[in-house]
Amino acid sequence: MTAEPDGPEDRLRRFATIWSRAVFPVASTSLTRAEFEAELLPLARRLSELLRARGFIAEDARAVGAALVDAHCTDPEALARTLDCVDAYLVLYCGGDGPQDELRMRSSRLQHAMAAGYAQALRTRTLAEQEAIAQAALQAQGVVAQALHISEARFRAVFEGAAIGIGIADLDGNVLQVNKALLRMFGQSEQSLRGRRVLDWVHPEDAPQTWKLYEELVRGDREHYHVEKAFNRPDGTALWTNLTVSLLRDADGEPQYQLALMEDTTERRLLNLRLRYEATHDALTGLPNRTLFFERLEKALAAGEGQRFGLCYLDLDGFKTINDSLGHAAGDRLLVEVADRLQSCATAPGEMVARLGGDEFVALTTGTDTEREVDELAERIMNALVTPISIDGRDLMVRGSLGIVEGPAGERTAAEVLRSADITMYRAKSAGGNRSELADPEADARAITRHGLTTALPTALERGEFFIEYQPLVHLGDGSVRGAEALVRWLHPQHGVLGPDRFIPLAEHTGLIVPLGRWVLEESIRQARAWRERYGDGTAASPLRINVNLSPCQLTHPGLVQDTIDILERAGVTPDALCLEVTESALIGADDDRLKPLRRLAEMGVDIALDDFGTGYSNLANLRRLPVSVLKLDRSFTQGMQQFPADPVDLKIVEGIVSLAHSLDLAVTVEGVETGAQAEQLRILGCDTAQGWYYARPGPPERLHDLALADASGR
């Protein structure tokens, strides 16, 4: 037993070996099989490169098919065996670790292009043979008229022994002679064919110029022409040929006969049609795939004035759960049933349904009144999903999110339309699913902007586009600055300065919040050290503590504690200079394992603040087990204190929270303080520190320096 190939080159050679063994028995070559394999190896290597190339290079794939003809693989069976081999083994041995569905689709397109290149090369070779035969016929044309010339035997040998069909007719179109190959192609006897007229062979699929060329030839205005032409066989099937018709002149140069040379291309045509179908249809559901859908959509968008289009983009809700719980086989059967139902929804002229991949489907309608038609199509689609689908004895409820785009042709590209439909579909899914949404240009623009920001985030951190502003924390008792909250900003090259609400959710979604949060912590600790060095350590007015926000994603990151320790040690700053703010919602229902990092940091001397307190509906009794030392009261509780007299209900609530916090040895910080009356009321209620525009807006660290110095001089 031999080992499987263990390297790309070994696998490539294995593929070439399988290919050569399949094709060698039907190849017309004097090479040994090993030599033939060596000749196929460069072609196999090129196919492997094309399979994994970033773009699809059809011309190179056609060149591989043409090379087979050059290698004397001209038997039709050689092409069939080659395509079977490529279909079965190319992705297996040469696909690497790429996505299999994409590789299979690319392999199908390679096969189609190879077949086209093979057919073109074979046709060119055949035409050369036909031209040689025509020249022989021209040289022997005196034989037809006189039957005395010495070249009659040579012409007769070519005529009877040729593998292509040959027929001779007079200029009136009466068939005079046919060879055996032509009889086999038509499946008729010589007597029945010799009684036919050329004009009897008009076919509905004849190209418009076919019979114009014929008339020019029999008039003597043309010497020959080449066309692809279909003929009807007696059994009702179609015979497709590459047809060459030449004019035969007598010794005086006068037109006398017409000579037809036919190559049977029926099998190749059927093969090309099959490959075209496979390349443009989904293998699982039989629906048109992304390739064919884009062709139809581009055609619809290129329609004339007054034409419109409507597109429904469907994504099944919860399909991954079905796949994970019941298996991919059940998921595939579900997709087939959904495809059948969708197909029944789009039966009117100008309508089509396609599967883009996975559980994503699209339906297209075209015409002059698509504003109404697309709404009706969307309603039919949603109704088609109402009835449960039975899979393995289970009735599965299938729901979908639908994005609808409608508009006039000619204003947008296919990619823009599909992107808008995709964005709209996800808007429907975000709203709870099982619903449809109509495209909104403003919503599309926001989604595109979000996507642009998401993709720009990694490089923004590398390019140093982020900076930090600081908002002071002021002691309500004596008005001294006790610290500052670090607030990250993004100086975007196109959009200007962006606040954290614009990019922090995106960073959390992509996981970039971890390196970004680490950078914010480093910069903030460095600034805390600079403040301590400038103002001294331990004075009442010194901004000795820096508050840094901690996202839920950072909270669960295993490197949180060690990163914090390393940053503090490198900066030479003691842990009491740092306060980490965690939102109340991030700690709701947190178990002991999730709280361990915070407990370790608190034990080191790092303060932990519970941010946005009062918005998370948490159990107040849970405060006892949380490792926090500061409550940051949400601004919604204190807005009623901005005017006089203050809202008595708000006063009671804040008074109760402060009392509870102090009983648990927790300090209370208030956010969003905007008036002096509000600050005074909070001082009376016992709040410890505050921040807000009344004291200072977030700004550069120098502004905090000025505020701290002003407080110091005031005392």
List the atom pairs, with distances to 0.1 Å, where a side-chain N or O of residues 492-500 and a protein N or O form a donor-acceptor pair under 3.5 Å, not counting sequence neighbours.
from   : atom 1 : to     : atom 2 : distance (Å)
His492 : ND1    : Gln494 : N      : 3.0
His492 : ND1    : His495 : N      : 3.2

Side-chain donor-acceptor distances from residues 509-519 under 3.5 Å, at least two apart:
from   : atom 1 : to     : atom 2 : distance (Å)
Thr510 : OG1    : Leu506 : O      : 3.1
Thr510 : OG1    : Ala507 : O      : 3.3
Thr510 : OG1    : Leu512 : N      : 3.4
Arg518 : NE     : Asp563 : OD2    : 3.0
Arg518 : NH2    : Asp563 : OD2    : 3.3

Test salt bridge (Lys or Arg N to Asp or Glu O under 4.0 Å) applied to Asp10 and Arg13, step by step: CA-CA 5 Å; Asp10 294 327; Arg13 290 184 178 277; 5.9 Å; no

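In terms of modelled atom types and a separation under 3.5 Å, the side chain of Ser663 and the main chain of Leu660 share a donor-acceptor contact. When atom types are taken as modelled, the side chain of Gln678 and the backbone of Glu674 share a donor-acceptor pair closer than 3.5 angstrom. Not one N or O on the side chain of Asp612 forms a donor-acceptor pair closer than 3.5 Å with the backbone of Asp634. Under a 3.5 Å cut-off, the side chain of Arg106 and the backbone N or O of Leu51 do form a donor-acceptor pair.
Here the CG-CG distance, from Asn549 to Leu487, works out to 6.5 Å after rounding to the nearest 0.5 Å.
Closest of all the heavy-atom pairs between Val548 and Ala486 is CG2-CB, 4.5 Å. Scanning all heavy atoms of the two residues, the minimum distance from Arg594 to Leu555 falls at NE-CD2, 4.0 Å.
Residue pairs meeting the salt bridge (Lys or Arg N to Asp or Glu O under 4.0 Å) criterion with at least one partner in residues 417-439, sequence neighbours excluded, are Asp315-Lys429, Asp317-Lys429, Arg427-Glu437, Arg435-Glu437.
One finds a salt bridge joining Arg526 and Glu523 here, because a Lys/Arg side-chain nitrogen approaches an Asp/Glu carboxylate oxygen to under 4.0 Å.
Annotation: Tyr89, atom OH; neighbour count of heavy atoms from other residues, nucleotides and ligands within 6.0 Å does not exceed 12. Heavy atoms of other residues, nucleotides or ligands lying less than 6.0 angstrom from CZ of Arg529 number more than 12.
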